[in-house]
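Here is how names work: the chains are called A, B, and so on, in the same order as the sequence lines, proteins then strands, and each is numbered from 1.
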Amino acid sequence: MADNINEYFVQLTYKWSKILNEEKLYQADPDSSKPKFFITAAYMYPNGPIHIGHGRTYLIADIIARFKRLQGYNVLFPMGFHYTGTPIITMAEAIENGDKDLLYLFKNVYGVVDEDIKKMVDPLYLARYFHNVSKEVMKLYGLSIDWRREFTTIDDDYKSFIQWQFLTLYEKGYIERGTHPVGWCPKHEMPVGMHDTKGDVEPEIGEFVAILFRDDNGVAYPTATLRPETIFGVTNIWVNPDKYYLKIRLSNGDLWIVGEDAASRLKYQLDFEVVDRLPGSSLIGVFVTNPITGERVPVLPASFVDTSFATGVVMSVPAHAPYDAIALEDIKGSDKLRELVSNITPKVIIEVDGERVASAYQALKQFKISAQTEREKLDEATKYVYSLEYQRGFMVKDLKVLDRFREYIEKEVCGRPVKNAREAMESLIVNNNLGTIIYEILNKPVYCRCGTEIVVKLLKDQWFINYGSESWKTIAREALEKMKIVPPEARAQFEATIDWLKRRACARTRGLGTPLPWDEKWIIESLSDSTIYMAFYTVVHRIREALRGIKALPKEFWDYVFLGRGDVGNVAKLINVESKVVDYLRKEFLYWYPLDMRVSGKDLIPNHLTFFIFNHVALFPSSLWPRGIIANGWVLIKQQKMSKSARNIIPLKNLIDEYGTDIVRLLLALNAEVYQDENIDMDMLSKLGKSEYPQLLLEIHDTIIRIYNNASRLRAEETTLDQLFLAKFDYIVNEIMKLLEEYKLREAGIKIFYEIKELIDSYLKLVETPSRRIINVIRIWLGLISIYTPYIAEEIWSKTFAEGRISAKVLELPKGYDKNMLMSLRYADMIIDHVSNIVKALKKPSINLVIVYVASKSMQKIMKNVLKALSTGLKVNEIIDNVSKEMNLSKKEFGKVIKALYDIAVTVPEDLRKLYIESDIDELEALKITKMYIEKKINAKVMIYDAEDPAAPDYGAKKRIAQPLRPGIYVE
RNA sequence: GCGGGGGUGCCCGAGCCAGGUCAAAGGGGUCGGGCUGAGGACCCGAUGGCGUAGGCCUGCGUGGGUUCAAAUCCCACCCCCCGCACCA
């Protein structure tokens, strides 16, 4: 250990992980004599080795598991591996294509040898490789996992379990079929999300209404708009005169005119054949009819029209759209089409703040726009008008409309906010076949990584889980309400997620995983097959033991095990085993379920963790709903999120081999509370990991062993100093248990490793030989230490108490603490504080004597009552009333006194207030007990007087000012 | 745009939900001292301003408000971060 203190901890890691795993210390079976605690953490995707981000989540789960074991719970902490989905396949493909970044990562960061990399073109090989590597690291890392229950999500039994889940959801009506627009790469023929576009651009899909304006022959000009309510202000239709248009025939026989480039994109949404190709200029002058107002309007030319966007045909609303306004003015200014436009005037159909103004013309002025070519300014002006009218606009009341729509329009549109009118118009148009919804990429162009421009594709016959169901949401909320959520702030995010969740596609055509049982060409998508797998852990090992060789377990089997449905005998017969086997599985499931705690990264709140709630409430009765969620923060590397592209992933193994498990666990546990992001940088690693933590643990090691080895020489009799020490120790342990109960693992850890250590060190300094009771103190301390740093704890335990393993011990923890002693100690600390404050003000280098005058017992009694009244939340005047009445004091005489005490009381720390009320020791006694302690701390002699004692000398006139909790202090 | 979280001293970061323990924990940095052959290693002290007795003033994004009392509660505004789906 000479040149590298960490070497010792690395040795401990290998030594103890081997011993503890061989002894199968963490295997948990049902035991009705103990309370159970079932905790899981999100299983990992083995497309890389376990890294410190996983390390953090799993450590939180492990610390809680160990804490619960220490308290006497039968704890189950299992682990599986998630193979489902595309990332593993994508990664194998990238290897095959010789992706340089990835190969670098694998070789230099993950330490994979060439031979293995070659085999990783097989996705399953890749997954198994990282699965095995990660599992070994989890063992080294001290995770107290029951490995008998390990599985992957492509195991046959797991697949039959997922099929059961989906069949059940299907039966309950939570699964439905429908169409859905997605970003789509025409070359790959695959949906594309943000992660597979060039520059990671999220393709924003906008919903347009294509309104059908028809010419006299019935040919439709589908004008695409985001603002269907402006149809009342249409004065004409725009086409681009310099581009080509296609006449297309839809499957229902309808003829449409659309932009040539638009047609190539529309074919992913509509079925049609091309009938004719026409130059845009040939369409100019055609008259078409507005389907809502019945007005006849001309088709006019405008160069701003993009024939590749949406339909390539747009309607013109000059009063409310800057582009339309400027284009119209351009034509008016030219000679050619003057006749057509001479009697066109912009129609204002929206009023803002009660004023009927043509916002578009105002915007043109405001943004100083004078030509159609000023695209940038026009876009800005459009955005401005759009948002102004959407936020503050109301439809005017006298809209021109065809008789057949009048009633509806007057009710739903006239005088209504633009927001509402828009929805009303959309449904009117769509429901009456006056138009249809088409989708377009709003931030077009967006390119696939392959360079192809993305289009919108309407996926048909897609399977969905309907998280939008209101009744389902209601029970999900009910479950959430009963759950413990850490951190509490995350609850709002869960609530918001439940609110906005809609139906979600749950199956894909590609990837690893389970086929939909009723439509096997679809693979259940990976976030959908990992919502209730915690239930699977409870029985998987028994299934493999007892039902070996049975691949596909029927629905009836799972119905019985998880829902108690059906007849056990029949089910057993179905799979050809004895009834008691099936019966046992049901019992083990019921023993462990419900899940007590789920730990996962906070990024999974809007998806996995909420789906987890939804699926549990859909399938299980409320008695089996999960009880808690911890959403932990990330691990940041130099303030950056870890990512493969940033090349800043730190595999957990690398840290363990450098620092040792116990040190890594402290690094991850003590530097951020569970819900915060934890930042890691080299400074911190070298400072804490190489020096502070190893030293701290070694000091603890030495201290405990020294105390234990001197056990024969310990004192039998007890002094007040011992009692002070024990009271404080018991108190700290109590605080630690409370913090752990609230999952404040960092704060609890700091108390274990620093506060207790400090207390013991200072105690050892104060006494010549420690009391015999210190043996039990170090025993409890060691137990607490083992929660965070199991290996050093086992090492010390094996050299001292050496009965079994500390990791498997249940500890007798102190039930309470000696309140009188603790009160004395807190009181003494307060005096010490005051004294040092005075000394500071005096600017004296040193002091010799401190004289303390303590207020009378009767005053102390009043103070107690004031404190009691204060703790119930009373105000000053109420306290004065209350206390004087209760103690039968005259208000006139004591009002001021009580007020003075109140003023002191509010400055006293809450814990001391509580102790002051609860203990039955008075201040004079407290001081006598702690006199020696104070003297040692301030390094001066202390004299104590009762302020009411006439015989006491009055130094510095401090005798009179003595008050309860604020004694008179004179310093010399 | 919608939704969630947040703005604290030179820097990081607690406190805020349950208003007085708050000039505000804990780090880091800086300054001073000790230790040392020497130290970037360790230990002690200081770190808003004023004050010869435990005190006062100014302060927790900005501006208002409630209260005997506000970093904490309410309102408005400004700014920052995260999520928005078929992607794990």
Side-chain angles (χ1 to χ4, degrees), chain A residues 42 44-45 47 82 84-88 90 180-183 190-197 200 202 204-205 383 386-387 390-391 459 462-465 467 487-497 499-509 511 525-528 530 601-608 611 634 639 641 670-673 675-677 679 683-684 687-688 691-692 695 746-747 750 754 830-831 833-844 870 873 875-877 899 902-913 956-958 961 965-971:
Chain A
M44 58 176 281
Y45 280 84
N47 64 346
H82 200 188
T84 313
T86 49
I88 289 170
T90 313
H180 185 65
V182 292
M190 286 258 297
V192 283
M194 185 173 77
H195 44 277
D196 23 43
T197 60
D200 283 347
E202 173 80 42
E204 291 168 44
I205 296 174
K383 210 173 153 191
Y386 187 106
S387 120
Y390 185 71
Q391 304 293 341
L459 286 183
Q462 176 69 264
W463 291 102
F464 294 90
I465 297 187
Y467 292 125
E489 299 90 292
R491 185 177 295 276
Q493 211 187 333
F494 276 108
E495 281 163 0
T497 305
D499 283 347
W500 74 258
L501 220 49
K502 295 181 281 212
R503 60 180 203 174
R504 179 194 163 84
C506 62
R508 308 206 48 186
T509 50
E525 166 270 341
S526 66
L527 277 171
S528 301
S530 56
K602 65 176 182 185
D603 45 329
L604 297 185
I605 294 174
N607 43 63
H608 164 73
F611 301 161
W634 291 318
Q639 310 285 7
K641 233 184 123 170
L670 296 190
N671 288 290
E673 207 43 275
Y675 49 88
Q676 295 173 312
D677 292 343
N679 186 41
D683 261 15
M684 170 215 185
K687 191 170 172 295
L688 298 178
S691 132
E692 184 168 322
Q695 274 169 24
R746 169 177 124 110
E747 220 179 320
I750 285 172
Y754 291 97
M830 188 184 77
I831 303 277
D833 248 24
H834 281 300
V835 169
S836 66
N837 206 348
I838 294 167
V839 171
K840 197 160 64 185
L842 282 176
K843 291 186 175 140
K844 277 196 183 177
L870 188 64
K875 309 223 162 181
V876 200
N877 46 349
K899 173 67 169 69
Y902 169 84
D903 286 339
I904 295 169
V906 295
T907 68
V908 172
E910 193 111 25
D911 61 329
L912 181 52
R913 283 188 214 170
K958 292 292 166 188
I961 70 159
L965 284 170
R966 187 66 61 94
I969 299 172
Y970 180 80
V971 175

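Nucleotide A46(B): paired with U30(B) (Watson-Crick or G-U wobble, both distances less than 3.5 Å). The partner of C2(B) is G83(B), by the rule that a Watson-Crick or G-U pair needs both atom distances under 3.5 Å. The partner of G59(B), taking Watson-Crick or G-U wobble pairs whose two distances both stay under 3.5 Å, does not exist in any strand shown. Using Watson-Crick or G-U wobble geometry with both donor-acceptor distances under 3.5 Å, A38(B) finds no partner in any strand shown. Of all nucleotides present, none satisfies the Watson-Crick or G-U wobble test against A71(B) with each distance under 3.5 Å.
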Might you list the N or O atoms of the protein lying below 3.5 Å from N or O atoms in nucleotides 40-44 of chain B, with each pair's distance?
none

At a cut-off of 3.5 Å, list every protein nitrogen or oxygen paired with a nitrogen or oxygen from nucleotides 83-87 of chain B, distance to 0.1 Å.
unit_1 : atom_1 : unit_2    : atom_2 : d
A85(B) : OP1    : Glu202(A) : OE1    : 3.4
A85(B) : OP1    : Glu202(A) : OE2    : 3.0
A85(B) : N6     : Lys502(A) : NZ     : 3.3
A85(B) : N1     : Lys502(A) : N      : 3.4
C86(B) : O2     : Ala505(A) : N      : 2.8
C86(B) : O2     : Ala505(A) : O      : 2.7
C86(B) : N3     : Ala505(A) : N      : 2.8
C86(B) : N4     : His180(A) : ND1    : 3.1
C86(B) : N4     : His180(A) : NE2    : 2.3
C87(B) : OP2    : Arg508(A) : NH1    : 2.9
C87(B) : OP2    : Arg508(A) : NH2    : 2.4
C87(B) : O4'    : His195(A) : NE2    : 3.4

Distances under 3.5 Å between nitrogen or oxygen atoms of protein and nucleotides 70-76 of chain B:
none

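Judged purely by atom type and a 3.5 angstrom limit, Asp677(A) uses its side chain to pair as donor or acceptor with the backbone of Trp634(A).
Counting all heavy atoms, side chain and backbone alike, Ile605(A) lies closest to Ala490(A) at CD1-CB, 3.8 Å.
A side chain to side chain contact (heavy atoms under 4.5 Å, CB included) with Pro191(A) is found for one member of His180(A), Gln462(A), Arg508(A) and no other, namely Arg508(A).
Looking only at side-chain heavy atoms (C-beta outward), Glu525(A) and Arg504(A) come within less than 4.5 Å of each other. Within the 4.5 Å cutoff, no side-chain heavy atoms of Ser530(A) are placed close to those of Thr84(A).
Across the protein-nucleic acid pair, Glu495(A) atom CD and G4(B) atom P stand 10 Å apart, rounded to whole Å. Whole-Å rounding puts the Tyr675(A) OH to G13(B) P distance at 13 Å.
Arg746(A) is linked by a salt bridge (charged side-chain N to carboxylate O under 4.0 Å, His left out) to nothing, counting only residues two or more places apart in sequence or in another chain. Among residues two or more places apart in sequence or in another chain, the side-chain contact (heavy atoms from CB on, under 4.5 Å) test is passed with Tyr675(A) by Pro487(A), Glu673(A). For His608(A), the ring pair (Phe, Tyr, Trp, His ring centres under 6.0 Å) criterion is met by no residue, not counting sequence neighbours.
Distance check, rounded to the nearest 0.5 Å: CD1 of Ile465(A) to CG of Leu527(A) gives 10.0 Å. To the nearest 0.5 Å, the span separating CG on Leu501(A) from CG on Asn607(A) amounts to 9.5 Å.
For Arg746(A), the listed nucleotide lying nearest its side chain is A25(B); candidates were G15(B), A25(B), G5(B).
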